[in-house]
Amino acid sequence: MTGKKRKTLTYTLPEEFHVFGFSRDLLAWYDGQKRDLPWRINRDPYRIWVSEIMLQQTRVETVKPYYYAFMEKFPTVEALADAPEEEVLKAWEGLGYYSRARNLQTAAREVKARYGGIVPDKPEEISTLKGIGPYTAGAILSIAYEKPEPAVDGNVMRVFSRLLYMTDDIAKPATRIKVEHLVRQVIPVGRAGDFNQALMELGALVCVPRTPQCLTCPVFDYCLARREGVQEELPVKGKAKPPRPVHLQVAVVRRENHVLMNKRPDQGLLAGMWEFPMVESDAETPAAKQEILQDSLRNRFGMDAEVLEPLMEVQHTFSHLHWNMEVWRCDWIEGEALPAQARFVTLDEISSLTLPVAHQKIAEKLKSDQ
DNA sequence: AACTCGGGGCG
DNA sequence: CGCCCAGAGTT
């Protein structure tokens, strides 16, 4: 009965918002309750920038240790711009969404070359930098430069959907545009950065996804969803597609005390990271799996190897993929001319390469078995 | 507008 | 287990 399409809804701010009440009460709460976070010690645009990139789709507690290490290693735009790409990727290892790291360095080099190392403070300039989308542009401009720009992330979407009883699907891009227009109307002059952070802080600490803590909410009085008792039904969000299963045969090819590793292409999934060679296959029988793996090693690495026995199975789920990995112990037989992206390394050397978590699981087992 | 792109924490 | 996280780039 209920179709997917719905009449377009428009929202206006209740009168209370216009008399500074909402912004004043939210900021007062933020001034007293804000967390002590490492990117809040000053307003250095580069420090804010790095934090915002790391925080994309990533929790504060996860980011903290990476942030400390990253700022230690790359303290300035120039330090990041001049660093080897491999080192930047290594600093990102385990954090996920690795294109963030590559784009961040690309943008740092752009800032050094085109803007004299100064992060631009104009929306139309900063938005051209790789990895800086609508949210991150608004966050840097408001927090570092006090520009009155909205910074609408998942927290702000949730907070506003409840405040204004919005039933739009927050998974849709059009909804973010609506919320940006609404936020723009309530940014207090001179405190844009704190206000945007206060909205996010509220979403992170009080107006949380499940079981929002309305009794301690500083803007309880303004919330239309709470007024109707529907705060736990909001926001509306369409369901994501389940991850697609992928079956992989993985080779641990040993040659004396070395293991064959392969560097993934510099585009696409896990770009530029190292892995144990593997091949996608829906083969059913062990013999068929062994043959496919052996053929793949010959075709891709010009190598004869014997696929001996199963070592372990590894499951790993991404947002859109589910890897079923069957790992095989293999022995190198012959073949010396490895392609450029492949190397034999010792177990100790593996830890200096940048590996995705799924392959770290394999490396750990090899180390524990030796 | 839909898809790709990681990994972990929590109820 | 499903959901969500200070989203952006590509098609």
Side-chain angles (χ1 to χ4, degrees), chain A residues 4-5 34-35 37-40 48-67 89 92-104 106-107 126-140 142-143 150-159 169-177 179-180 183 193 195-205 207-212 232 235-244 246 264-273 315-323 354-361:
Chain A
K4 290 190 86 170
K5 299 220 170 183
K34 66 176 174 185
R35 288 169 291 179
L37 299 175
W39 43 89
R40 287 181 176 164
I48 305 297
W49 179 15
V50 171
S51 76
E52 293 301 341
I53 301 298
M54 284 192 174
L55 286 162
Q56 289 170 7
Q57 297 291 287
T58 312
R59 294 168 191 283
V60 165
E61 291 308 314
T62 304
V63 164
K64 278 183 182 175
Y66 285 91
Y67 184 77
L89 191 58
W92 215 268
E93 182 182 43
L95 200 51
Y97 286 136
Y98 298 97
S99 66
R100 291 184 295 177
R102 187 183 301 260
N103 288 340
L104 177 58
T106 299
I126 199 170
S127 296
T128 67
L129 298 174
K130 283 288 184 198
I132 299 189
Y135 162 76
T136 305
I140 298 172
S142 62
I143 298 170
V152 177
D153 72 337
N155 287 308
V156 180
M157 297 281 278
R158 183 173 57 256
V159 167
D169 184 351
I170 65 165
K172 296 190 179 306
T175 308
R176 196 202 73 239
I177 306 288
V179 173
E180 283 173 352
V183 171
F195 181 72
N196 282 335
Q197 293 187 84
L199 283 175
M200 294 187 271
E201 198 84 339
L202 187 72
L205 301 181
C207 197
V208 292
R210 288 167 298 221
T211 323
E232 297 199 17
V236 174
K237 186 173 185 181
K239 288 187 179 64
K241 284 190 358 184
R244 172 173 60 89
V246 176
R264 296 176 64 88
D266 61 9
Q267 296 222 347
L269 183 66
L270 303 170
M273 303 184 82
Q315 309 284 321
H316 192 78
T317 305
F318 303 86
S319 308
H320 57 305
L321 297 176
H322 180 82
W323 278 2
T354 308
L355 265 61
V357 167
H359 288 264
Q360 288 176 20
K361 296 173 186 172

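Source: prediction; values computed, not measured.
For B/dG6 and C/dT11, the P atoms lie 15 Å apart once the distance is rounded to whole Å. Taking the P atoms as reference points, C/dA6 lies 25 Å from B/dC3, given to the whole Å.
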Inset, instruction - Assign a letter to each nucleotide of nucleotides 2-7 of chain C from its 5' end: B, base within under 4.0 Å of a protein heavy atom; S, sugar-phosphate only; -, no contact. - result: BSBBBB

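When heavy atoms are screened at a 4.0 angstrom cut-off, A/I53 is found touching no nucleic acid atom at all. Residue A/I132 is in sugar-phosphate contact alone, with no base atom involved, counting any heavy-atom pair closer than 4.0 Å across all strands shown.
For A/E93, the salt bridge (Lys or Arg N to Asp or Glu O under 4.0 Å) partners are A/K90, not counting sequence neighbours.
Looking at A/R176, its side chain never comes within 3.5 Å of a backbone N or O of A/P134 through a donor-acceptor pair. Between the side chain of A/T136 and the backbone N or O of A/G133, no donor-acceptor pair lies under 3.5 Å.
Applying the salt bridge (charged side-chain N to carboxylate O under 4.0 Å, His left out) test to pairs two or more places apart or on separate chains, those with a residue in residues 56-67 of chain A are A/E61-A/K64.
Side-chain atoms of A/E52 and A/Y135 include a donor-acceptor pair closer than 3.5 Å.
Taking 4.0 angstrom as the limit, A/H316 places a side-chain polar atom (N or O) nearer than this to OP1 or OP2 of B/dG7.
Between A/H359 and A/W323, the ring-plane angle classifies as perpendicular under the 30° and 60° cut-offs.
Each of B/dC3, B/dA1, B/dG7 was ranked by its minimum atom distance to the side chain of A/A174; first place goes to B/dA1.
Across the interface with DNA chain B, nearest-nucleotide mapping of A/K241 and A/Y98 shows A/K241 to be the residue nearer the 5′ end.
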